Colleague: 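Input: one structure, supplied below.
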Amino acid sequence: MSILQTMSQEEVNARDYVQDVYETVVKRNPHESEFHQAIKEILESLIPVIAKHPKYKEHGILERIVEPERLISFRVPWVDDQGIVRVNRGFRVQFNSAIGPFKGGLRFHPSVNASIIKFLGFEQIFKNSLTGQPIGGGKGGSDFDPKGKSDGEIMRFTQSFMTELFKYIGPDTDVPAGDIGVGAREIGYMFGQYKRIRGGNEAGVLTGKGIVYGGSLARTEATGYGTVYFVNEMLKSKGLSFEGSTVVVSGSGNVAIYAIQKATQLGAKVVACSDSNGYVYDKNGINLETVQRLKEVERKRLSEYVKEHPDAIYSEGCQNIWTIPCDIALPCATQNEIDETSAKILVSNGVQAIGEGANMPSTLDAIDVFLKAGVLFGPAKAANAGGVAVSALEMSQNSMRYSWSFHEVDDKLHQIMKNIYRNSVNAAEEYGHPGNLVVGANIAGFLKVADSMIAQGVI
Ligand code: NDP
Ligand code: 2IT
């Protein structure tokens with residue numbers, strides 16, 4: 001039976017409408033493949049919602065939600081250690097403020113462009129809604145490459161970046177945080193510059209700050225821990241657990257490090273991790289202390305790991321990490337790092353669960369492979385929402401001028417991840433796709449934002 005025969009007339013109409021919206025996005029944003037990909041995934045998930053509730057079409061919700069409220073692009077001039085003037089491009093997309101101030105990280109990586117920032121900002125709308133906290137969707141960054149830069153260069157760049165960005169952000173309007181290439185050091189320099197320009201201490205303007213000047217305990221750990229908490233819920237639904245499992249984690253940055261730590265605490269053996277040059281396989285289990293020191297303190301390449309652990313094997317090229325047999329795969333590096341071929345290899349090696357720590361790490365074809373094979377699949381906007389959820393807790397603590405203990409924050413994070421899992425499962429069930437957390441997370445995230453947009457009129 002063809003798909004058309006299994007669809008009601010309302011669903012056929014909804015599908016055609018969604019297709020029209022998608023085509024308009026592609027036409028209006030040419031050559032932005034990552035942005036198209038994120039839009040396509042969401043819109044297709046929403047077909048049963050549009051079919052069931054005509055109000056979303058009547059209020060033009062889809063046409064409005066795919067268009068950012070504002071996209072800011074700016075020049076970032078700075079002087080390198082040789083005295084040469086360098087220029088990068090900065091971005092901030094303020095995508096949707098229906099449920100709260102814009103919230104989302106800043107990414108510094110040479111691949112950053114409007115497409116990357118818009119896909120991330122669009123995803124952030126639904127992720128932030130899923131957390132249950134009052135935060136809208138935003139994202140920003142620059143094509144600046146932090147690799148090989150001195151501390152002074154990083155400071156001059158971030159100060160110049162903030163000298164422009166400060167005009168558009170604030171504790172009640174838009175609250176940036178970290179992402180790839182932006183960690184505690186960069187947030188510290190940006191916070192200092194913002195405070196200097198504004199002439200006041202608005203602690204809640206940025207999250208991911210150092211603990212002694214307004215940061216939240218457990219924010220550093222939150223994304224990686226949250227991903228593992230989410231995957232644990234998926235595993236429990238099938239009577240499985242991390243205990244005794246073999247895990248592969250891609251990346252070796254903030255998200256990867258704390259995913260490795262929590263998975264290990266729950267009894268898993270994490271046998272591999274990677275950076276953009278290659279991956280390490282350690283049959284004894286990855287030594288996290290070594291990875292943290294190499295990547296966070298010494299800012300070296302992961303290839304150095306094998307000098308200290310001669311039993312481990314380093315291979316050039318990060319893609320082949322997915323050929324390592326594992327029970328659980330946690331992609332925690334970057335977008336589209338698992339393609340259809342890698343997904344098929346993972347499935348044929350018997351993978352049971354995927355938890356997306358990174359944003360959009362699986363291509364649409366890869367997701368299809370996982371879902372068809374019946375692999376437990378935790379999509380990014382649900383599985384990695386723990387980072388932004390604890391950022392919102394940081395904002396709350398800043399407003400209260402008070403700090404919670406590590407355990408208080410970690411307990412709240414754990415509960416938030418369980419709620420996201422439950423709400424995604426329920427939405428998938430209610431809209432006719434039981435067990436499909438891609439559809440479930442997209443719908444659960446969408447409904448609150450869409451209803452708020454209707455309540456607030458055509459803006
Ligand atoms: P980091 O900069 O701390 O680490 C990024 C890691 O991914 C590094 O190991 C890096 O390797 C690797 N990497 C980056 N680009 C590529 C690439 N093109 N190919 C292969 N590997 C790559 O970033 P985070 O850990 O913060 O972010 C990782 C992912 O998690 C991103 O998708 C981010 O958007 C997402 N995320 C982050 C959150 C957070 O709170 N930080 C919250 C939610 C999602 P190398 O050192 O060689 O560059
Ligand atoms: O992708 C993400 O959710 C983040 N990079 C974290 C955003 C935040 O505001 O903490």
Side-chain angles (χ1 to χ4, degrees), residues 103 105 127-128 130-133 135 177-180 183-184 187 207-211 215-236 240-243 245 247-270 273 285-286 288-289 291-292 295-296 327-333 353-359 361 376 378-397 403-422 424 437 441:
K103 180 85 196 85
K127 181 196 306 193
N128 293 3
L130 281 170
T131 66
Q133 291 150 305
I135 39 177
D179 194 81
I180 291 177
I187 293 290
T207 59
K209 299 181 291 295
I211 302 303
S216 173
L217 288 161
R219 173 61 188 90
T220 310
E221 292 83 356
T223 312
Y225 278 22
T227 300
V228 170
Y229 293 151
F230 188 91
V231 172
N232 205 30
E233 293 304 303
M234 298 199 300
L235 293 171
K236 278 200 289 189
L240 304 168
S241 78
F242 273 97
E243 182 69 45
S245 65
V247 177
V248 166
V249 177
S250 66
S252 48
N254 172 262
V255 180
I257 284 172
Y258 293 98
I260 294 173
Q261 186 173 80
K262 185 51 74 180
T264 307
Q265 282 171 9
L266 296 185
K269 189 198 267 190
V270 180
C273 66
I286 290 289
L288 195 55
E289 233 173 84
V291 174
Q292 268 190 291
K295 297 299 284 187
E296 292 189 331
D327 304 308
I328 300 163
L330 304 177
C332 296
I354 312 287
E356 294 192 318
N359 283 308
L376 294 166
K381 58 177 86 60
N384 75 33
V388 75
V390 173
S391 276
L393 297 177
E394 182 171 330
M395 291 163 69
S396 301
Q397 292 168 84
S403 345
W404 290 313
S405 69
F406 186 94
H407 288 293
E408 281 173 295
V409 179
D410 190 33
D411 281 352
K412 289 182 203 296
L413 167 66
H414 204 157
Q415 197 51 53
I416 289 168
M417 299 313 295
K418 284 182 174 180
N419 291 345
I420 295 175
Y421 173 74
R422 185 51 44 210
S424 303
L437 296 179

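Quantities reported herein were computed from a predicted structural model and do not represent experimental measurements. When a residue number appears, it is its place in the shown sequence, counting from 1.
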Colleague: Under the criterion side chain to side chain contact (heavy atoms under 4.5 Å, CB included), which of Ile354, Val248, Leu235 is the partner of Ile328?
Modeller: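 With Ile328 as partner, side chain to side chain contact (heavy atoms under 4.5 Å, CB included) holds for just one option, Leu235.
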Colleague: Tell me the closest heavy-atom pair linking Ile135 and Ala392, and the distance in Å.
Modeller: CD1-CB, 4.0 Å
Colleague: Would you mind reporting whether Leu413 and Glu221 have side-chain heavy atoms less than 4.5 Å apart?
Modeller: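 SC-SC contact between Glu221 and Leu413 ruled out.
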Colleague: Is there a donor-acceptor contact under 3.5 Å from the side chain of Ser250 to the main chain of Cys332?
Modeller: yes
Colleague: Apply side chain to side chain contact (heavy atoms under 4.5 Å, CB included) to Ile416 and Val390, showing your working.
Modeller: CA-CA 9 Å; Ile416 289 168; Val390 173; over 6 Å; no
Colleague: For residues Ser252 and Ile257, report the shortest heavy-atom separation together with the two atoms involved.
Modeller: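 Result for this residue pair: O-CD1, 3.5 Å.
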Colleague: Would you mind reporting whether Leu288 and Thr264 have side-chain heavy atoms less than 4.5 Å apart?
Modeller: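 No, too far: nothing below the 4.5 Å cut-off.
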Colleague: If you define the side chain from C-beta out and look only at heavy atoms, does anything of Glu233 sit under 4.5 Å from Met417?
Modeller: no
Colleague: Check step by step if side-chain hydrogen bond (donor to acceptor under 3.5 Å, both in side chains) holds for Ser241 and Glu243.
Modeller: CA-CA 5 Å; Ser241 78; Glu243 182 69 45; 5.9 Å; no
Colleague: For a quick test of reading the model, state the closest non-hydrogen atom pair linking Lys127 to Val388 and the distance between them.
Modeller: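 Distance-wise, the nearest heavy atoms are CD-CG1, 3.9 Å.
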Colleague: Taking C-beta and beyond as the side chain, do Ser403 and Leu217 meet within less than 4.5 Å on heavy atoms?
Modeller: no
Colleague: Which is it for Lys262 and Gln265 under the side-chain hydrogen bond (donor to acceptor under 3.5 Å, both in side chains) test, yes or no, and what are the steps along the way?
Modeller: CA-CA 5 Å; Lys262 185 51 74 180; Gln265 282 171 9; 2.8 Å; yes
Colleague: For Asn232, what residues pass the side-chain hydrogen bond (donor to acceptor under 3.5 Å, both in side chains) criterion, not counting sequence neighbours?
Modeller: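 For Asn232 there are no side-chain hydrogen bond (donor to acceptor under 3.5 Å, both in side chains) partners, ignoring immediate neighbours.
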Colleague: Is there a side-chain contact between Lys103 and Met395 in this structure, where contact means two heavy atoms from C-beta onward sitting under 4.5 Å apart?
Modeller: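 Result yes, sub-4.5 Å side-chain heavy-atom pair found.
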Colleague: Just wondering, do Val231 and Phe242 contact through their side chains at under 4.5 Å, heavy atoms?
Modeller: yes
Colleague: Distance-only, no hydrogens or angles: does the Gln397 side chain make a donor-acceptor pair with backbone N or O of Leu393 under 3.5 Å?
Modeller: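 Looks like yes, one N/O pair under 3.5 Å.
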Colleague: Okay, side chain of Glu356, backbone of Asn384: is any donor-acceptor separation there less than 3.5 Å?
Modeller: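 Checked: no pair found.
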Colleague: Does the side chain of Gln261 come within less than 4.5 Å of Tyr225's, by heavy atoms?
Modeller: yes
Colleague: I'd like to check Met234 versus Tyr421 (side-chain heavy atoms, cut-off strictly below 4.5 Å). Are they in contact?
Modeller: yes
Colleague: What is the minimum heavy-atom distance between Ala380 and Asn359, and which atoms define it?
Modeller: CB-CA, 4.1 Å
Colleague: Work out which heavy atom in Asp410 is nearest to a heavy atom in Ala218; give both atom names and the distance.
Modeller: N-CB, 4.5 Å
Colleague: If you compare all heavy atoms of Ala385 against all heavy atoms of Thr131, which two are closest, and at what distance to 0.1 Å?
Modeller: O-CG2, 3.8 Å
